[in-house]
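The structure is given below, and queries will be raised subsequently.
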Number of protein chains: 2
Amino acid sequence: MGVIETAIDTIKQMIIDGELRPGQKLPVEKELAEQLGVARNTLREAVRALIAMRVLQTRQGDGTYVTSLSPDLLLDGMSFVADIHLDAGAGEFLHVRRILEAEATALAATRIPDADLAHLGDLLDEAERLPTQTTIDHGKLVALDQDFHSLIASHCGNAVLAAVIQNMSGRTVRARIWRGMSDPEAVQRTLREHRAVHRALLARDADRARLHAALHVLGVEESLSGSRPFAGNRGDGA
Amino acid sequence: MGVIETAIDTIKQMIIDGELRPGQKLPVEKELAEQLGVARNTLREAVRALIAMRVLQTRQGDGTYVTSLSPDLLLDGMSFVADIHLDAGAGEFLHVRRILEAEATALAATRIPDADLAHLGDLLDEAERLPTQTTIDHGKLVALDQDFHSLIASHCGNAVLAAVIQNMSGRTVRARIWRGMSDPEAVQRTLREHRAVHRALLARDADRARLHAALHVLGVEESLSGSRPFAGNRGDGA
DNA sequence: CGAGTCATATTCATCGGATCAATCATGGAG
DNA sequence: CTCCATGATTGATCCGATGAATATGACTCG
């Protein structure tokens with residue numbers, strides 16, 4: 001195994017063993033490099049890898065710190081994975097999202113505060129006020145959609161579950177889904193499904209919430225796979 | 001944003017845009033560095049970060065290549081996240097695993113080939129033959145456990161789902177779970193649950209398989225949270 | 001002519017050092 | 001005591017050099 005890989009694993013193990021704790025400052029580059037027996041430049045590449053996976057964080061002029069290591073932070077690299085598989089694996093990601101989101105919505109039914117339920121209603125109101133005749137403001141719709149699902153997931157009582165859902169469909173995927181809804185009717189149907197989920201949550205009915213959430217994601221899956229094979233096949237060219 | 005972050009995102013975007021495809025060779029370090037307008041060492045740190053997330057792969061003396069980008073490859077960094085949260089968030093990871101594994105097992109009930117069903121039976125036979133009286137071979141049990149669940153998940157027909165499940169509990173987590181089973185009875189119970197899942201799969205009964213899989217993971221959750229608060233609290237010392 | 005072998009070139013891996021930039025700590029001025 | 005300037009600390013970026021692994025092409029031998 002390469003020197004850098006070894007350095008990465010050593011630092012990882014120091015964290016797993018509790019030798020390095022969240023928020024703690026690491027030794028300065030020069031010192032840590034000597035401690036691990038590698039050159040400073042080599043250590044930097046190891047640290048850089050851990051920064052990329054949100055394990056470490058550096059502040060120039062100050063030092064290098066261990067992040068909070070919270071699941072939502074560490075799992076947010078997954079959205080890139082989802083983005084890469086726009087073409088082939090989008091359906092598989094959506095299927096996982098359907099499974100998780102159904103359960104998370106059911107869990108949220110008995111956990112989400114009234115204030116946030118009201119806020120969900122506001123989001124739906126805002127989405128429905130957007131003009132859907134000719135020019136659909138996809139950017140705004142995507143943002144509202146993301147807020148809607150994100151707010152529900154965040155109240156499922158499980159931070160890991162919420163984080164995985166959040167990252168199961170990255171920005172690119174979500175944007176593409178809404179962009180595919182050139183048909184205003186499809187947009188309306190999606191908003192109706194959101195309403196149904198909201199009503200189930202208002203009734204604090206976990207089973208109904210689960211069903212409507214699953215149905216909603218399933219609708220997206222089917223609209224992607226079956227309906228319009230013409231949508232966006234730009235092939236491989238530029 | 002830093003120079004390196006920019007370089008990372010640029011390469012990422014090149015992949016998302018299809019400019020770089022799986023298996024394709026990147027320009028040599030010197031050339032790519034000039035193309036991105038950074039020093040070679042800086043580019044190396046960007047490449048190193050992408051290597052850490054399994055997006056790129058280098059072969060000394062040959063070049064740098066884009067990996068297959070398959071979900072199981074890209075998602076396997078998640079196991080480290082699970083390993084980090086041994087103490088606090090183990091239950092939350094297990095809950096997600098329960099949700100996903102129940103569904104994956106149900107899906108596998110109608111998809112797994114007969115040959116693999118037989119192989120599952122062999123794994124269970126082998127586990128039951130292990131002596132459980134005094135010295136429990138945890139390493140072997142962990143390996144068999146991992147093989148059992150992994151084989152089922154791999155036949156759910158969804159590579160993303162299988163990959164997420166696979167990484168939802170890393171090696172460290174799984175080892176700790178089994179190590180916690182100092183009671184031979186707990187081991188026996190776990191093996192009985194495996195048998196139940198296997199029987200449901202043999203009967204090609206998706207509903208039964210889903211229930212038994214969920215119950216199995218739930219049992220692990222409950223044994224971790226409720227039963228023995230004395231287990232392994234070595235605190236923060238060495 | 002074909003297969004195996006070896007020298008060479010290419011490429012990444014690692015290292016050490018140099019310079020710049022951001023932040024912090026210290027001490028003095030008001 | 002507060003505010004600000006200055007130097008010290010630390011990471012960011014860059015450059016160049018050497019080592020190690022691989023591929024490529026030429027060469028030899030059968």
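Model, not experiment: these values are computed from the prediction.
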Treating His194(B) as the side-chain partner and Phe148(B) as the backbone partner, does any N or O pair qualify as donor plus acceptor under 3.5 Å? no
What is the distance, rounded to the nearest whole Å, between atom CG of Leu56(A) and atom P of dT10(D)? 17 Å
Is it the case that the base of dA20(D) and the side chain of Gln60(B) share a donor-acceptor contact (distance under 3.5 Å, atom types as modelled)? yes
Ala39(A) has a side chain; which of dT14(C), dG17(C), dC15(C) sits nearest to it? dC15(C)
Gap between atoms CG and C1', on Leu43(B) and dC14(D) respectively (whole Å): 13 Å
Pair Gln57(A), Thr64(A): side-chain N/O donor-acceptor within cut-off below 3.5 Å: no
Give a yes/no on whether any side-chain N or O of Thr58(B) is located under 4.0 angstrom from OP1 or OP2 of dA13(C). yes
Using a strict cut-off of less than 4.0 Å between a Lys/Arg side-chain nitrogen and an Asp/Glu carboxylate oxygen, indicate whether Glu126(A) and Lys140(A) qualify as a salt bridge. yes
Nearest whole angstrom, please: distance from the P of dT10(D) to the CD of Gln57(A). 18 Å
Can you identify which nucleotide, out of dT14(C), dC14(D), dA13(C), has its nearest atom closest to the Glu29(B) side chain? dA13(C)
Using whole Å, what does the distance between atom C1' of nucleotide dT9(D) and atom CG of Leu26(A) come to? 16 Å
May I have the step-by-step check of salt bridge (Lys or Arg N to Asp or Glu O under 4.0 Å) for Arg48(A) and Glu5(B), ending in yes or no? CA-CA 10 Å; Arg48(A) 175 60 54 180; Glu5(B) 279 74 18; 2.6 Å; yes
Quickly work out the Glu34(B) CD to dC15(D) P distance and round it to whole Å. 10 Å
Map Gly61(A) and Val38(A) onto DNA chain C by nearest heavy atom, then report which one ends up closer to the 5' terminus. Val38(A)
Nearest-angstrom distance from the residue atom CG of Asn41(A) to P of dG19(D): 18 Å
Side chains of His149(B) and Glu101(B): donor-acceptor distance under 3.5 Å anywhere? yes
dT10(D) phosphate, OP1 or OP2: any side-chain N/O from Thr64(A) under 4.0 angstrom? no
Of the listed nucleotides dA12(D), dT14(C), dG16(D), the one nearest the side chain of Arg48(A): dA12(D)
Arg44(B) side-chain N/O to dA13(C) phosphate OP1/OP2 under 4.0 Å: yes
Whether the side chain of Asp62(A) and the base of dG11(D) hold a donor-acceptor pair under 3.5 Å is what I'd like checked. no
For Gly37(A) and Pro27(B), take the nucleotide of DNA chain C holding the closest heavy atom to each; which residue's nucleotide lies nearer the 5' end? Pro27(B)
Compare side-chain N and O positions of Thr42(B) against OP1 and OP2 of dC14(D) and report whether any pair is under 4.0 Å apart. yes
Specify the separation, in whole Å, of atom NZ of Lys30(B) and atom P of dA17(D). 13 Å
What is the distance, rounded to the nearest whole Å, between atom CD of Glu45(A) and atom P of dG11(D)? 16 Å
